[in-house]
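What follows is a short report on a single structure.
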Amino acid sequence: MLKIVITYGTFDLFHVGHIRLLKRLRALGDQLVVGISSDEFNQSKGKSSFFSYEERAEIVNACKYVDKVFPENSWDQKVSDIEKYGASIFAMGDDWEGKFDHLKEFCDVLYLARTEDISTTDIKKKLSKFDQDKINDLESALYDIMDIVKTLTVK
Ligand code: C2G
(Lines give C-alpha, C1' and ligand atoms only; values in the text may rest on other atoms or scores of the structure.)
Protein backbone atom coordinates (compact mmCIF):
# COMPACT_ATOMS: atom_id res chain seq x y z
CA MET A 1 0.00 0.00 0.00
CA LEU A 2 1.60 3.28 -1.13
CA LYS A 3 2.13 5.80 1.66
CA ILE A 4 0.90 9.17 0.38
CA VAL A 5 1.99 12.47 1.95
CA ILE A 6 -0.06 15.63 1.40
CA THR A 7 0.81 19.27 1.97
CA TYR A 8 -0.35 22.74 0.88
CA GLY A 9 1.18 26.11 0.18
CA THR A 10 1.54 29.18 -2.01
CA PHE A 11 5.16 28.36 -3.02
CA ASP A 12 5.72 31.80 -4.55
CA LEU A 13 9.29 32.72 -5.63
CA PHE A 14 10.29 29.07 -5.09
CA HIS A 15 13.29 28.94 -2.74
CA VAL A 16 15.40 26.52 -0.67
CA GLY A 17 12.95 26.70 2.24
CA HIS A 18 10.31 25.18 -0.01
CA ILE A 19 12.65 22.61 -1.56
CA ARG A 20 14.01 21.43 1.81
CA LEU A 21 10.49 20.98 3.14
CA LEU A 22 9.28 19.08 0.05
CA LYS A 23 12.39 16.85 0.19
CA ARG A 24 11.71 15.95 3.85
CA LEU A 25 8.00 15.43 3.18
CA ARG A 26 8.72 13.09 0.26
CA ALA A 27 11.06 11.06 2.48
CA LEU A 28 8.14 10.38 4.85
CA GLY A 29 6.33 8.22 2.29
CA ASP A 30 6.17 6.88 -1.27
CA GLN A 31 4.43 9.80 -2.98
CA LEU A 32 3.95 13.51 -2.25
CA VAL A 33 0.89 15.46 -3.45
CA VAL A 34 0.84 19.24 -3.07
CA GLY A 35 -2.11 21.64 -2.95
CA ILE A 36 -1.04 24.94 -4.54
CA SER A 37 -2.99 27.97 -3.30
CA SER A 38 -5.01 29.52 -6.14
CA ASP A 39 -4.64 33.27 -6.76
CA GLU A 40 -8.17 33.82 -5.44
CA PHE A 41 -7.49 31.76 -2.29
CA ASN A 42 -4.27 33.73 -1.74
CA GLN A 43 -6.31 36.93 -1.74
CA SER A 44 -8.44 35.47 1.06
CA LYS A 45 -5.15 34.67 2.90
CA GLY A 46 -4.18 38.33 2.45
CA LYS A 47 -1.32 37.29 0.15
CA SER A 48 -0.63 38.40 -3.42
CA SER A 49 1.90 36.17 -5.17
CA PHE A 50 4.41 37.38 -7.78
CA PHE A 51 3.83 34.28 -9.95
CA SER A 52 0.35 33.14 -11.00
CA TYR A 53 -1.19 29.87 -9.80
CA GLU A 54 -0.35 28.26 -13.17
CA GLU A 55 3.33 29.28 -12.94
CA ARG A 56 3.64 28.24 -9.26
CA ALA A 57 1.96 24.89 -10.00
CA GLU A 58 4.28 24.25 -12.98
CA ILE A 59 7.39 25.03 -10.89
CA VAL A 60 6.40 22.84 -7.92
CA ASN A 61 5.26 20.03 -10.24
CA ALA A 62 8.71 20.09 -11.86
CA CYS A 63 10.31 19.39 -8.47
CA LYS A 64 11.61 15.81 -8.30
CA TYR A 65 10.16 15.33 -4.80
CA VAL A 66 6.60 16.10 -5.97
CA ASP A 67 4.35 13.53 -7.65
CA LYS A 68 1.23 15.64 -8.20
CA VAL A 69 -0.05 19.17 -7.69
CA PHE A 70 -3.66 20.33 -7.45
CA PRO A 71 -5.38 23.67 -6.72
CA GLU A 72 -6.09 24.73 -3.17
CA ASN A 73 -9.21 26.90 -3.37
CA SER A 74 -10.36 26.99 0.26
CA TRP A 75 -9.45 26.13 3.84
CA ASP A 76 -12.14 23.44 3.89
CA GLN A 77 -11.02 21.03 1.18
CA LYS A 78 -8.31 19.20 3.14
CA VAL A 79 -10.47 16.34 4.44
CA SER A 80 -11.88 15.58 0.99
CA ASP A 81 -8.36 15.87 -0.51
CA ILE A 82 -6.95 13.45 2.09
CA GLU A 83 -9.67 10.96 1.11
CA LYS A 84 -9.38 11.69 -2.63
CA TYR A 85 -5.60 11.12 -2.69
CA GLY A 86 -5.55 8.41 -0.01
CA ALA A 87 -3.09 10.44 2.07
CA SER A 88 -1.93 8.87 5.35
CA ILE A 89 0.26 11.84 6.33
CA PHE A 90 -0.60 15.55 6.32
CA ALA A 91 2.46 17.72 7.00
CA MET A 92 3.38 21.40 6.95
CA GLY A 93 6.18 23.64 8.14
CA ASP A 94 5.96 24.37 11.87
CA ASP A 95 4.81 27.96 11.37
CA TRP A 96 1.48 26.11 11.17
CA GLU A 97 2.11 24.13 14.41
CA GLY A 98 -1.21 22.97 15.84
CA LYS A 99 -3.37 24.71 13.22
CA PHE A 100 -4.42 21.50 11.46
CA ASP A 101 -4.63 19.06 14.41
CA HIS A 102 -8.30 18.47 13.61
CA LEU A 103 -7.07 16.41 10.64
CA LYS A 104 -5.65 13.80 13.09
CA GLU A 105 -9.06 12.12 12.81
CA PHE A 106 -8.23 11.29 9.18
CA CYS A 107 -4.44 10.84 8.97
CA ASP A 108 -1.14 11.49 10.77
CA VAL A 109 -0.46 15.22 11.18
CA LEU A 110 3.15 16.45 11.29
CA TYR A 111 4.78 19.88 11.49
CA LEU A 112 8.37 20.05 10.32
CA ALA A 113 10.90 22.73 11.22
CA ARG A 114 10.96 25.63 8.79
CA THR A 115 14.22 26.61 7.08
CA GLU A 116 15.51 29.65 8.94
CA ASP A 117 16.31 33.04 7.38
CA ILE A 118 14.44 32.70 4.12
CA SER A 119 10.90 33.53 3.10
CA THR A 120 9.11 34.86 0.05
CA THR A 121 8.30 38.03 2.01
CA ASP A 122 12.01 38.63 2.79
CA ILE A 123 12.98 38.06 -0.85
CA LYS A 124 10.41 40.65 -1.98
CA LYS A 125 11.66 43.14 0.65
CA LYS A 126 15.31 42.71 -0.39
CA LEU A 127 14.44 43.19 -4.06
CA SER A 128 12.41 46.34 -3.37
CA LYS A 129 15.29 47.73 -1.23
CA PHE A 130 17.61 47.09 -4.17
CA ASP A 131 15.42 49.31 -6.34
CA GLN A 132 15.36 51.93 -3.58
CA ASP A 133 19.18 51.96 -3.54
CA LYS A 134 19.19 52.69 -7.28
CA ILE A 135 16.69 55.55 -6.78
CA ASN A 136 18.89 56.99 -4.02
CA ASP A 137 21.96 56.84 -6.31
CA LEU A 138 20.08 58.58 -9.13
CA GLU A 139 18.83 61.28 -6.75
CA SER A 140 22.33 62.08 -5.45
CA ALA A 141 23.65 62.18 -9.04
CA LEU A 142 20.83 64.59 -9.93
CA TYR A 143 21.71 66.90 -7.02
CA ASP A 144 25.39 66.87 -8.11
CA ILE A 145 24.34 67.88 -11.64
CA MET A 146 22.10 70.63 -10.26
CA ASP A 147 25.02 71.99 -8.21
CA ILE A 148 27.22 72.03 -11.32
CA VAL A 149 24.49 73.80 -13.32
CA LYS A 150 24.17 76.37 -10.54
CA THR A 151 27.89 77.17 -10.60
CA LEU A 152 27.86 77.45 -14.40
CA THR A 153 24.90 79.86 -14.37
CA VAL A 154 26.19 82.17 -11.59
CA LYS A 155 26.27 85.74 -13.12
N1 C2G B 1 8.35 26.84 4.51
C2 C2G B 1 9.48 26.34 5.16
N3 C2G B 1 10.56 27.14 5.33
C4 C2G B 1 10.56 28.42 4.85
C5 C2G B 1 9.42 28.92 4.18
C6 C2G B 1 8.31 28.10 4.02
O7 C2G B 1 9.50 25.17 5.59
N8 C2G B 1 11.67 29.19 5.04
C9 C2G B 1 7.19 25.96 4.37
C10 C2G B 1 5.95 26.50 5.08
O11 C2G B 1 5.97 26.15 6.46
C12 C2G B 1 4.82 25.79 4.34
C13 C2G B 1 5.41 25.61 2.91
O14 C2G B 1 6.82 25.85 3.01
O15 C2G B 1 4.59 24.48 4.90
C16 C2G B 1 4.81 26.60 1.93
O17 C2G B 1 4.96 27.89 2.47
P18 C2G B 1 4.07 29.08 1.84
O19 C2G B 1 4.21 29.07 0.38
O20 C2G B 1 4.35 30.32 2.62
O21 C2G B 1 2.59 28.55 2.15
P22 C2G B 1 1.51 29.19 3.15
O23 C2G B 1 1.21 30.57 2.73
O24 C2G B 1 2.01 28.92 4.51
O25 C2G B 1 0.20 28.35 2.79
O26 C2G B 1 -3.58 25.65 3.68
C27 C2G B 1 -2.24 25.91 4.01
C28 C2G B 1 -1.72 27.12 3.30
O29 C2G B 1 -1.98 27.04 1.90
C30 C2G B 1 -0.21 27.26 3.54
Side-chain angles (χ1 to χ4, degrees), residues 1-140:
M1 170 86 162
L2 284 180
K3 184 181 277 190
I4 312 291
V5 182
I6 191 167
T7 191
Y8 295 78
T10 302
F11 296 101
D12 192 27
L13 302 183
F14 204 52
H15 55 68
V16 291
H18 297 136
I19 277 279
R20 290 174 189 165
L21 178 83
L22 295 172
K23 181 176 184 178
R24 283 176 288 156
L25 294 180
R26 176 64 185 74
L28 295 172
D30 304 303
Q31 285 188 357
L32 172 61
V33 297
V34 184
I36 307 288
S37 309
S38 67
D39 297 328
E40 297 73 17
F41 181 50
N42 266 337
Q43 274 175 1
S44 71
K45 285 198 274 185
K47 285 180 125 175
S48 66
S49 60
F50 180 83
F51 288 125
S52 67
Y53 165 77
E54 290 74 18
E55 290 167 316
R56 290 181 286 112
E58 183 176 346
I59 290 166
V60 174
N61 199 37
C63 172
K64 69 178 181 180
Y65 305 119
V66 174
D67 295 279
K68 182 178 183 52
V69 297
F70 59 91
E72 178 189 30
N73 298 301
S74 86
W75 293 110
D76 312 322
Q77 66 184 75
K78 293 185 173 68
V79 172
S80 59
D81 289 340
I82 288 165
E83 287 165 0
K84 178 178 177 182
Y85 295 107
S88 54
I89 298 175
F90 167 91
M92 298 288 292
D94 61 6
D95 47 315
W96 291 94
E97 183 78 40
K99 297 288 192 316
F100 298 108
D101 287 357
H102 62 283
L103 297 175
K104 285 180 179 172
E105 194 185 328
F106 305 96
C107 63
D108 295 343
V109 175
L110 300 175
Y111 302 99
L112 279 64
R114 276 174 67 93
T115 300
E116 296 302 320
D117 306 324
I118 187 161
S119 73
T120 304
T121 308
D122 287 350
I123 293 170
K124 286 180 179 175
K125 274 186 194 148
K126 283 179 183 155
L127 289 174
S128 61
K129 184 186 175 313
F130 178 73
D131 290 342
Q132 190 55 47
D133 288 350
K134 270 192 206 161
I135 291 167
N136 296 343
D137 291 347
L138 286 172
E139 272 179 355
S140 61

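The structure displayed is predicted, hence computed values, not measured ones. One-based numbering, in listed order, for ligands and for the atoms of each.
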Classify the side-chain pair T10/K45 by whether it contains a donor and acceptor separated by less than 3.5 Å. yes

Once salt bridge (charged side-chain N to carboxylate O under 4.0 Å, His left out) is applied, what residue pairs with a partner in residues 81-98 remain, sequence neighbours excluded? D95-R114

Just the distances, no angles: every ligand 1 N or O to protein N or O pair closer than 3.5 Å, one line each.
unit_1: ligand 1; atom_1: 3 (N); unit_2: T115; atom_2: N; d: 3.2
unit_1: ligand 1; atom_1: 8 (N); unit_2: T115; atom_2: O; d: 2.8
unit_1: ligand 1; atom_1: 8 (N); unit_2: I118; atom_2: O; d: 2.7
unit_1: ligand 1; atom_1: 11 (O); unit_2: G93; atom_2: N; d: 3.4
unit_1: ligand 1; atom_1: 11 (O); unit_2: D95; atom_2: OD1; d: 2.5
unit_1: ligand 1; atom_1: 15 (O); unit_2: G93; atom_2: N; d: 2.9
unit_1: ligand 1; atom_1: 19 (O); unit_2: T10; atom_2: N; d: 3.1
unit_1: ligand 1; atom_1: 19 (O); unit_2: F11; atom_2: N; d: 2.7
unit_1: ligand 1; atom_1: 20 (O); unit_2: K47; atom_2: NZ; d: 3.1
unit_1: ligand 1; atom_1: 21 (O); unit_2: T10; atom_2: N; d: 3.2
unit_1: ligand 1; atom_1: 23 (O); unit_2: T10; atom_2: OG1; d: 3.4
unit_1: ligand 1; atom_1: 23 (O); unit_2: K45; atom_2: NZ; d: 3.4
unit_1: ligand 1; atom_1: 23 (O); unit_2: K47; atom_2: NZ; d: 2.4
unit_1: ligand 1; atom_1: 24 (O); unit_2: W96; atom_2: NE1; d: 2.8
unit_1: ligand 1; atom_1: 25 (O); unit_2: K45; atom_2: NZ; d: 3.0
unit_1: ligand 1; atom_1: 26 (O); unit_2: E72; atom_2: OE2; d: 2.5
unit_1: ligand 1; atom_1: 26 (O); unit_2: K78; atom_2: NZ; d: 2.8
unit_1: ligand 1; atom_1: 29 (O); unit_2: S37; atom_2: OG; d: 3.3
unit_1: ligand 1; atom_1: 29 (O); unit_2: K45; atom_2: NZ; d: 3.0
unit_1: ligand 1; atom_1: 29 (O); unit_2: E72; atom_2: OE1; d: 2.6
unit_1: ligand 1; atom_1: 29 (O); unit_2: E72; atom_2: OE2; d: 3.4

Run Y65 and L21 through side-chain contact (heavy atoms from CB on, under 4.5 Å) and show every step you take. CA-CA 10 Å; Y65 305 119; L21 178 83; over 6 Å; no

Hits for salt bridge (Lys or Arg N to Asp or Glu O under 4.0 Å) against D131, two or more places apart or cross-chain, chain-then-number order -> none

Regarding K78 and the six-membered ring of Y8, is the cationic atom NZ or CZ under 6.0 Å from the ring centre and inside 45° of its axis? yes

Can you pull the salt bridge (charged side-chain N to carboxylate O under 4.0 Å, His left out) pairs that have at least one residue in residues 28-44, sequence neighbours excluded? D39-R56

